[in-house]
A.B. asks: 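The structure is given below, and queries will be raised subsequently.
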Amino acid sequence: MTILDDLKYSKDHEWVRMEANVATIGITDFAQSELGDIVYIEVEAVGEILETGDIFGSVEAVKAVSDLFLPVSGKILEFNEAINDSPDKVNRDPYGEGWIIKVEIETKENVSNLLSAESYKELIGA
Amino acid sequence: MVAFAGYEMPVRYDSIIAEHHCVRENVGVFDISHMGEFLVEGGRALDLLRSILTNDPEGLKVGKAMYSCMTNEQGGIVDDLVVYQIDTEKYMLVVNAANIDKGVNWISQKNTMGANLKNVSDDMGLLAIQGPNATQLLENLTDVPLADIPFYHFTIGSICSIADVIISATGYTGSGGFELYCKSEDLNTLWNNIFEEGKSLKVKPIGLAARDTLRLEKGYCLYGNDIDDTTSPIEAGLGWVTKFNHPFTASSILKIQKDKGSRSKLVGFEMLEKSIPRKGYPILDENGYEVGHVTSGNLSPSTGKHIGMGYVQTALSKPETKIYIGIRKEKIVAKVVKLPFL
């Protein structure tokens, strides 16, 4: 189970990588391994401004469908189109090629509620 | 692991898709010991079975198996099962795990003729060895000539030095192979020997999730999803195991349904847009009116298509008919296709 130290995490098993005021968001290694084979990821919220906790899309895996909850509020800038063609990227490289969206955030406060790698490890019992 | 009908069952050991392909292209092993087994014996055994089963057990002979439904007074399905004729007056019924208690009660109630009925579910283990390489995997473990066992036939013999195993050319995957019924205490030995032998073939253990995608591609009904106490075998497309040459529970109701046509029918459908149908989603007509519901659905790993089964009004059951699936507030177009999908 890989949990990267330099990322922030949500209790809904998403990770957040901050670069200036842009957050890159994906699902954690734990989430992808629980979901198993991902068939596709649907995000229709590009261009929208959403609040923390809003549903911004869904992950359709062979086993089940799960909603994706936004871990930070802001404007959805971009969806990773590369995972449209090969959703298995999310299974294979959840923190890299399998990123899902980029969000423009307004204030630093947005990320202060997120979990550190340490706290996230505790949450999933890793 | 997941709780299923009182058992801890593996949903998957590995990737569901990898397990699926392993069965379609090679061979995989399922521990399905949760399935229930009843023995029906004695001079009145056949009479009892003829009175409760939609298929006709008169057509059986020793060494042959048959798929059937067992109906309630309204013509709904109490359970779907496989009947094995073990000996002249001895039959084994293999039932769904979730229906073991219901089945025992139902058959006992119908057993006015005094056949001997015994629930031996706890004494029996069951492995399904499924896939085109199943014979190759098992042939060195037994003296029984496996290739000589026709589909839906069985032999009782020794395998992995375990005596009296029912070696049955049956399964729920549509990829061929065998089901091995043994005593519970022999199950570990059987499993370990098969995996030892299967190393070179790269045999995989297969979980419940791939069992579901495998059977769905073949259009096999899953009890609790596609069929239940309220659906009839006629509606469910199980007319081929409903034989009106003998009276059975609710046979007169089902005969009328068969002759006049049922109001709804279980159909297969294929999504025309990217979306996976799931059990319980509504099926709509083009105006958005609900005309049925999805009973099973998933990705078909073999074809890459998104497929499902569900009940629709009979008027909408013809292949190529456009239907719509209500998926999380959206209306996604699908078309009815002929079963099986594969």
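Protein chains get the first letters and strands the later ones, always in sequence-line order, with residue 1 at the start of each. Only heavy atoms go into these numbers, but all of them, side chains included; no hydrogens, no water, no symmetry mates.
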A.B. asks: Any chance you could measure Asp37(A), atom CG, to Ile16(B), atom CD1, to the nearest 0.5 Å?
C.D. replies: 6.0 Å
A.B. asks: Does atom CD of Glu81(A) have more than 12 heavy-atom neighbours, drawn from other residues, nucleotides or ligands, at distances under 6.0 Å?
C.D. replies: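 More than 12 within 6.0 Å, yes.
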A.B. asks: Please check if the number of heavy atoms outside Glu290(B) that lie under 6.0 Å from its CD is greater than 12.
C.D. replies: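 Count over threshold, so yes.
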A.B. asks: Do other residues, nucleotides or ligands put more than 12 heavy atoms under 6.0 Å from Lys75(A) NZ?
C.D. replies: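 Not buried by this count: 12 neighbours or fewer within 6.0 Å.
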A.B. asks: With rounding to the nearest 0.5 Å, note down the distance linking CD1 in Ile38(A) to CG in Leu299(B).
C.D. replies: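 Nearest 0.5 Å value for the CD1-CG distance: 12.5 Å.
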A.B. asks: Pick one of side chain, backbone, both or neither for His20(B), based on which atoms fall under 4.5 Å of a heavy atom in chain A.
C.D. replies: neither
A.B. asks: How close do Arg12(B) and Glu34(A) get, counting heavy atoms only, and between which atoms?
C.D. replies: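 Scanning both residues completely, I find the closest heavy atoms to be NH2-O, 3.2 Å.
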A.B. asks: Would you say that Val65(A) contacts Ile276(B) through its side chain, given a criterion of any heavy-atom pair below 4.5 Å between the two side chains?
C.D. replies: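 Val65(A) does not reach Ile276(B) side chain to side chain.
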A.B. asks: Taking atom CG of Asn298(B) and atom NZ of Lys63(A), what is their separation to the nearest 0.5 Å?
C.D. replies: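 Those atoms lie 12.0 Å apart.
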A.B. asks: Hey, what do you get for CD (Glu60(A)) to CZ (Arg278(B)), rounding to the nearest 0.5 Å?
C.D. replies: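 So the CD of Glu60(A) and the CZ of Arg278(B) are separated by 4.5 Å.
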A.B. asks: Run the side-chain contact (heavy atoms from CB on, under 4.5 Å) test on Val39(A) and Lys274(B) for me, step by step, so that the C-alpha distance in whole Å, both residues' side-chain angles and the decisive distance to 0.1 Å come before the verdict.
C.D. replies: CA-CA 10 Å; Val39(A) 185; Lys274(B) 191 170 79 176; over 6 Å; no
A.B. asks: Counting only heavy atoms not in Lys338(B), do more than 12 sit closer than 6.0 Å to its NZ atom?
C.D. replies: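 No, not enclosed.
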A.B. asks: Is it the case that atom NZ in Lys102(A) sees more than 12 heavy atoms from other parts of the structure closer than 6.0 Å?
C.D. replies: yes
A.B. asks: Given a strict heavy-atom distance threshold of 4.5 Å, which part of Thr213(B) is in contact with chain A: side chain, backbone, both, or neither?
C.D. replies: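 For Thr213(B), the contact with chain A is made by the side chain alone.
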A.B. asks: Do other residues, nucleotides or ligands put more than 12 heavy atoms under 6.0 Å from the NZ atom of Lys318(B)?
C.D. replies: no
A.B. asks: Assess whether atom NZ of Lys218(B) is packed by more than 12 heavy atoms of other residues, nucleotides or ligands within 6.0 Å.
C.D. replies: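 For Lys218(B), atom NZ is crowded (more than 12 foreign heavy atoms under 6.0 Å).
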A.B. asks: Do you know which of Ser15(B), Ala210(B), Pro301(B) has the most heavy-atom pairs with chain A at a distance under 4.5 angstrom?
C.D. replies: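 The answer is Ser15(B).
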